[in-house]
There are 2 protein chains.
Amino acid sequence: MSSRSPSVAQPHNSPEVPAGPLASRPLYLQARDLLLRRIVDGTWKPGGYLPSEPQLALDLGVSIGTIRKAMEDLVGQGLLERQHGRGTQVVPHSSDRSRFRFLRFVHGDGRPLRPVAHVLAAATARADARDRAALGLGAGAKVLVLLRTRSEDGVPLIYERIALPAEPFAALNAEPGTDMLEEIYVLYQARCGQTVARARDTIATDRASPAIAEALGCPPETPLLLVCRVAVALTGAPIEYRQSWTAALAYRSDLD
Amino acid sequence: MSSRSPSVAQPHNSPEVPAGPLASRPLYLQARDLLLRRIVDGTWKPGGYLPSEPQLALDLGVSIGTIRKAMEDLVGQGLLERQHGRGTQVVPHSSDRSRFRFLRFVHGDGRPLRPVAHVLAAATARADARDRAALGLGAGAKVLVLLRTRSEDGVPLIYERIALPAEPFAALNAEPGTDMLEEIYVLYQARCGQTVARARDTIATDRASPAIAEALGCPPETPLLLVCRVAVALTGAPIEYRQSWTAALAYRSDLD
DNA sequence: GAGTGGTCTAGACCACCCA
DNA sequence: GGGTGGTCTAGACCACTCA
């Protein structure tokens with residue numbers, strides 16, 4: 001099995017062939033992609049455990065060291081979590097332990113925020129130009145638009161507009177007037193099978209529109225912080241365009 | 001050499017001793033810290049090359065695999081850069097390739113910024129309360145305060161106040177009225193021997209003070225984006241507290 | 001062609017979790 | 001006690017860089 005054609009990529013070429021066009025791709029990358037594919041397609045569910053290293057090594061026809069290197073990559077991306085003595089788990093999005101620790105809202109004095117989300121509206125609509133640009137959609141595409149506030153101790157601190165591609169998110173079932181107790185990325189995953197892999201945030205200033213002013217209880221034209229986020233799925237496709245407005249909060253990158 | 005006391009940590013204990021209080025710390029972590037120490041103390045200068053893996057393995061009395069694991073950690077932190085066939089280099093801060101690719105100013109339309117910095121003032125002063133809190137200084141401590149603007153095509157876009165602990169930065173030699181052609185972290189490193197390892201940014205809104213309004217050419221009380229950064233050295237000690245105000249720009253996290 | 005890092009393997013031993 | 005991941009080693013072969 002030490003010829004360069006393990007079951008990871010090719011069925012089994014003859015040893016003389018100097019390796020096909022893609023055969024030279026490192027085994028651990030092939031293994032990583034295969035693991036990733038099985039996470040994406042749900043073979044291993046979020047919260048579930050992978051087979052053990054020796055088992056995977058046997059299955060893929062590579063050595064344990066190669067499996068470990070593939071896993072380390074996925075652990076670094078925050079997709080897998082290894083627990084000594086227990087096994088390797090597909091990381092679930094959870095309210096407490098989101099993959100997005102690096103950028104978050106905080107109070108002006110640095111205290112972390114524990115907001116509750118309240119859905120103001122949820123409707124399917126034609127995507128506007130910015131939605132289409134952010135989500136890579138065509139001209140007539142439809143999006144599911146959520147408007148919500150996020151409050152702490154009953155005080156609305158953040159006003160959010162979230163645009164999602166209509167098709168994969170039809171099952172989201174966000175009811176206007178209800179509170180969302182779960183972190184929304186948990187819902188994407190549980191109800192729509194969409195796992196957010198990473199996100200890019202752009203932060204700017206804006207002024208309160210009448211609707212935002214009413215929702216946040218501030219005068220119109222109040223200067224606000226506006227955070228625009230594009231979140232992408234494991235496949236690399238953008239799946240969320242989110243705008244968050246806040247008057248009282250700051251936004252922070254974690255130190256390491 | 002397969003007993004648990006390589007030259008990395010202990011000189012050479014007798015094999016029977018069940019390992020000292022710290023002896024159980026994994027070898028690759030000990031090796032990593034030793035490499036880090038030599039980077040910090042300047043044994044290997046930024047831009048310079050480390051000895052080869054076999055050489056280091058021999059020096060530290062561990063296997064190449066252990067050295068590699070230590071290096072991978074430092075590569076992940078952005079301190080080392082490996083080049084196939086050439087060697088392993090201590091990453092220098094450079095104008096083009098800063099270690100802080102993850103958060104940066106951009107134009108409103110997303111174009112990257114290429115600003116030139118102009119020093120307005122540079123003076124040693126008593127640290128104010130926020131400086132002391134950010135830099136972990138005591139009551140009477142002194143800081144070097146730089147005021148500067150950053151312009152593109154002659155248009156001032158960012159106003160900055162930078163506070164640095166007076167002692168290690170006495171050699172900075174920033175002359176009021178001059179332009180800083182180098183990325184400032186290059187100067188910290190070259191003139192003061194201070195290497196910035198990472199930073200935490202907090203982003204909020206503010207309004208233009210008279211001084212800022214004049215520097216940026218906007219009316220007083222204009223709403224601004226305010227980015228506060230605390231940068232820490234390789235040792236973990238905070239060495240820079242920076243406030244950046246801008247009216248026209250956005251701030252962005254890189255995707256990945 | 002000599003030297004460097006990159007990939008891959010095989011196997012030993014340890015530390016942790018759980019039944 | 002059996003299984004899991006964590007550390008560590010030794011060595012083979014490949015790919016890249018530079019003289």
Side-chain angles (χ1 to χ4, degrees), chain A residues 1-10 15 17-20 22-35 44 48-76 80-91, chain B residues 1-10 15 18-19 22-35 44 48-76 80-91:
Chain A
M1 288 304 129
S2 65
S3 88
R4 284 197 63 81
S5 321
S7 51
V8 169
Q10 303 85 17
V17 176
L22 295 176
S24 62
R25 211 166 121 71
L27 283 179
Y28 76 91
L29 289 179
Q30 300 179 41
R32 182 199 63 181
D33 291 351
L34 191 145
L35 297 181
W44 304 311
Y49 284 86
L50 271 59
S52 72
E53 296 178 346
Q55 188 58 52
L56 282 172
L58 211 60
D59 290 354
L60 305 195
V62 299
S63 76
I64 291 184
T66 301
I67 292 290
R68 292 182 68 85
K69 198 162 182 198
M71 282 182 166
E72 271 159 24
D73 198 333
L74 296 173
V75 169
L80 294 181
E81 201 168 67
R82 322 192 65 177
Q83 291 155 277
H84 196 168
R86 286 227 283 190
T88 302
Q89 197 181 20
V90 180
V91 172
Chain B
M1 288 304 131
S2 67
S3 88
R4 284 199 62 81
S5 321
S7 52
V8 169
Q10 303 85 19
L22 295 177
S24 63
R25 213 166 117 72
L27 283 180
Y28 76 91
L29 289 179
Q30 299 179 42
R32 183 198 64 180
D33 291 352
L34 191 144
L35 296 182
W44 304 311
Y49 284 85
L50 271 59
S52 72
E53 296 178 345
Q55 187 58 51
L56 282 171
L58 210 61
D59 289 355
L60 306 195
V62 299
S63 76
I64 291 185
T66 301
I67 292 290
R68 292 182 67 87
K69 197 162 184 198
M71 282 183 167
E72 271 159 24
D73 198 333
L74 297 174
V75 168
L80 294 181
E81 202 168 65
R82 322 193 66 178
Q83 291 156 279
H84 195 168
R86 287 226 282 192
T88 302
Q89 196 182 22
V90 180
V91 172

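- In this structure, the side chains of A:Trp44 and A:Leu35 come closer than 4.5 Å at one or more pairs of heavy atoms.
- Among the nucleotides D:dG5, C:dC8, D:dC8, the one closest to any side-chain atom of A:Arg68 is D:dG5.
- Side-chain contact between A:Leu74 and A:Arg32 is present, with at least one heavy-atom pair separated by less than 4.5 Å.
- Checking D:dC8, C:dT9, D:dT7 against every side-chain atom of A:Val62, the shortest atom distance belongs to C:dT9.
- Whole-Å rounding puts the A:Ile64 CD1 to C:dG11 C1' distance at 9 Å.
- Residue B:Pro26 places its side chain closer to D:dC8 than to any other of D:dC8, C:dC8, C:dG5.
- If you measure from atom CG of A:Leu27 to atom P of D:dA12, you get 20 Å, rounded to the nearest angstrom.
- Between A:Thr66 and A:Arg86, the residue anchored closer to the 5' end of DNA chain C is A:Thr66, taking for each the nucleotide with the nearest heavy atom.
- Rounded to the nearest 0.5 Å, atoms CG (B:Leu34) and CG (B:Leu27) are 12.0 Å apart.
- Between the CD atom of B:Gln55 and the C1' atom of C:dA2 there is a distance of 15 Å, given to the nearest Å.
- Here A:Thr88 does not reach the OP1 or OP2 of D:dT4: none of its side-chain N or O atoms lies under 4.0 Å away.
- Residues A:Val91 and A:Leu80 are not in side-chain contact: their nearest non-hydrogen atoms beyond the backbone lie 4.5 Å or more apart.
- The CD atom of A:Gln30 lies 10.5 Å from the OG1 atom of A:Thr66; values are rounded to the nearest 0.5 Å.
- Distance CG (A:Leu80) to C1' (D:dT4): 15 Å, rounded to an integer number of Å.
- Listed nucleotides C:dG5, D:dG5, D:dA10 differ in distance to B:Ser63; the shortest reach to its side chain belongs to D:dA10.
- In this structure, A:Leu58 places its CG atom 13 Å from P of C:dG11, rounding to the nearest Å.
- Distances were taken from every side-chain heavy atom of B:Tyr28 (C-beta onward) to each of C:dA15, D:dT7, C:dT4; the shortest belongs to D:dT7.
- Going from atom CZ of A:Arg25 over to atom P of D:dC14 covers 21 Å, rounded to whole Å.
- Taking side-chain N and O atoms only, B:Lys69 has no distance below 4.0 Å to OP1 or OP2 of D:dC8.
- Between A:Leu29 atom CG and C:dG6 atom P the separation is 13 Å, expressed in whole Å.
- Remark: C1' of C:dT7 and CG of A:Asp73 are 14 Å apart, rounded to the nearest angstrom.
- Distance from the side chain of B:His84 is smallest for C:dT4 among the nucleotides D:dC8, C:dT4, D:dG5.
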